[in-house]
Participant: 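Structure in structure tokens, see below.
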Amino acid sequence: MSSNDNIVFRAEAGGALRGRVRVPGDKSISHRSIMLGALADGVTEVSGFLEGEDCLATIGAFRAMGVCIDGPEHGRVTVHGVGLHGLRAPSGPLYMGNSGTSMRLLAGLLAGQAFDVVMTGDASLTRRPMKRVAEPLRKMGALIETSPGGTPPLRITGKQNLQGIVYSMPVASAQVKSSLLLAGLYAEGQTWVTEPAPTRDHTERMLTGFGYEVEREGHTVGVEGGGHLRAANIDVPADISSAAFFMVGAAIAPGSDLTLEHVGVNPTRIGVVNILKAMGADITLSNERLVGGEPVADIRVRASRLRGIRIPEDQVPLAIDEFPALFIAAACAEGETVLTGAEELRVKESDRIQVMADGLSALGVEAKPTPDGMVIQGGALKDGRINSHGDHRIAMAFAMAALRAGGPVVIDDCANVRTSFPNFLGLAGAAGLQVEQVT
Ligand code: S3P
């Protein structure tokens with residue numbers, strides 16, 4: 001089945017979320033486990049791997065470049081590393097599906113190879129901006145072409161001598177930072193990247209875990225080319241971005257008491273917890289521990305009255321994937337919620353500002369999109385039909401909205417839920433959301 005089939009979800013109104021749930025593995029860490037495992041010397045064993053289409057696209061790309069990868073089976077993957085210079089030319093274009101992370105990170109990694117490669121993607125990925133990686137990579141000496149609009153396909157010509165650069169990113173993007181650090185592994189000298197605000201630091205942590213030295217000075221990180229990666233075992237925590245739908249569901253649905261187990265709570269990812277707490281959510285973290293260099297905790301959420309807030313801009317990069325869910329929380333809160341400084345939401349898998357505002361309006365919520373955010377008046381939600389525009393996170397967010405809607409919420413174009421959360425319907429159903437796929 002292709003990702004373009006119109007899968008329709010129907011969520012019944014009401015209910016509560018209760019019990020314990022372990023959502024699938026972290027998408028960012030799963031991608032990186034394959035990338036770094038492939039480039040390492042030795043065999044990397046991964047557990048808790050996210051078997052979603054995005055991460056499978058990354059596996060497919062490395063298999064096409066000659067890397068032997070066993071699995072995934074029940075979240076276990078074995079990557080037989082080929083070393084930094086062991087990749088081989090693929091026989092055709094690498095298809096990245098819906099996955100911006102695969103394409104942007106691989107752009108940097110592939111810029112340093114001795115072969116040419118073309119990367120393509122689905123309709124959504126083909127609209128997403130790639131200049132943000134292509135431009136700095138060119139400064140490093142990469143030969144990389146986009147379409148005239150700066151979008152995929154990406155054509156990378158190999159055998160270039162990359163040079164380290166000092167680069168200050170105009171947007172706070174972990175994908176751009178990671179792409180440049182991966183290119184930096186192949187560059188002569190040092191590559192330094194400065195971010196305007198902290199973004200997820202999994203690449204830095206994982207490079208360190210694979211024995212590669214990463215230097216940090218404030219908002220700047222650097223690597224020096226010419227080293228080696230040593231295979232490492234990775235235990236992928238549950239994805240806080242997937243847990244976010246359940247956190248919001250439990251916060252808004254009266255009678256809920258839900259614990260999300262083994263969730264990654266890296267400080268660069270916990271904006272959703274901070275924002276929900278500021279809205280009055282009842283959230284407690286327990287069993288906090290470090291797993292393979294990443295902080296992990298169980299997160300308990302009990303229903304409470306939420307109030308609208310002005311979301312602090314410094315939380316935006318720390319919650320960048322969670323705004324579809326957070327907008328649902330805002331719609332169920334008392335008073336006004338104002339988001340600013342989040343123009344990046346317009347270039348995610350969909351334009352998440354417009355698509356969420358349209359969906360909220362369809363449910364009778366006053367939601368005013370602005371160029372860089374949204375103003376939402378909390379109130380009653382009615383039943384309605386939502387177009388998710390093929391965006392996995394929009395689909396899952398509106399499924400949770402049904403918990404507080406006056407009637408069923410029907411959501412079109414949900415096939416891409418399997419890019420990040422293959423068993424969403426099963427887990428949501430087990431927790432107490434009445435949701436099913438109707439076509
Ligand atoms: C990701 C970084 C974020 C995020 C994406 C995954 C990553 O993108 O939205 O889902 O794994 O590095 P940006 O860095 O473009 O904000």
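Counting starts at 1 for both ligands and their atoms, following the listed order.
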Participant: Please check whether L105 reaches ligand 1 - meaning an N/O of the residue sits under 3.5 Å from an N/O of the ligand, judged on distance alone.
Facilitator: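 Such a contact does not occur with ligand 1.
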Participant: With a 4.0 Å heavy-atom cut-off (strictly under), which part of K177 contacts ligand 1: side chain, backbone, both or neither?
Facilitator: neither
Participant: Using a heavy-atom cut-off of under 4.0 Å, does the side chain or the backbone of K348 touch ligand 1, or both, or neither?
Facilitator: side chain
Participant: Any ion pair linking R200 and D26 (charged N to carboxylate O, less than 4.0 Å)?
Facilitator: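 The answer is no: the pair does not qualify as a salt bridge.
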Participant: Output the list of atoms in ligand 1 that are nearer than 4.0 Å to some heavy atom of I320, sorted by atom number.
Facilitator: 9 (O)
Participant: Closest by any non-hydrogen atom to atom 12 (O) of ligand 1: pick that one out of E195, H31, R32, K27.
Facilitator: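 The option holding the nearest heavy atom is R32.
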Participant: Can you pull the salt bridge (Lys or Arg N to Asp or Glu O under 4.0 Å) pairs that have at least one residue in residues 177-194, sequence neighbours excluded?
Facilitator: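 Every salt bridge (Lys or Arg N to Asp or Glu O under 4.0 Å) pair that includes a residue of residues 177-194, provided the two are not neighbours, is K177-E195, K177-E204.
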Participant: Are F210 and H228, when compared by the centres of their aromatic rings, separated by less than 6.0 Å?
Facilitator: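 Distance test on ring centres: not under 6.0 Å, no.
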Participant: Any N/O of E344 closer than 3.5 Å to an N/O of ligand 1?
Facilitator: no
Participant: Taking distance alone, no hydrogens or angles, what donor-acceptor pairs closer than 3.5 Å link side-chain atoms of residues 70-82 to residues at least two apart or in another chain?
Facilitator:
{"from": "D70", "atom 1": "OD2", "to": "H80", "atom 2": "NE2", "distance (Å)": "2.9"}
{"from": "T78", "atom 1": "OG1", "to": "E45", "atom 2": "OE1", "distance (Å)": "2.9"}

Participant: Give, for atom CG of L143 and atom CD1 of I156, the distance between the pair rounded to the nearest 0.5 Å.
Facilitator: 9.5 Å
Participant: Please indicate whether any nitrogen or oxygen in S178 is less than 3.5 Å from any nitrogen or oxygen in ligand 1.
Facilitator: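 It does not: no N or O of S178 is found under 3.5 Å from an N or O of ligand 1.
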Participant: May I ask whether T199 has any heavy atom positioned less than 4.0 angstrom from an atom of ligand 1?
Facilitator: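 The answer is no, since T199 has no heavy atom less than 4.0 Å from ligand 1.
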Participant: Work out whether the distance between some heavy atom of H202 and some atom of ligand 1 is less than 4.0 Å.
Facilitator: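 H202 does not count as a contact of ligand 1 under the 4.0 Å cut-off.
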Participant: With side-chain contact (heavy atoms from CB on, under 4.5 Å) as the test, would you mind laying out the steps for R393 and D321 before giving the verdict?
Facilitator: CA-CA 8 Å; R393 300 201 197 280; D321 290 339; 3.6 Å; yes
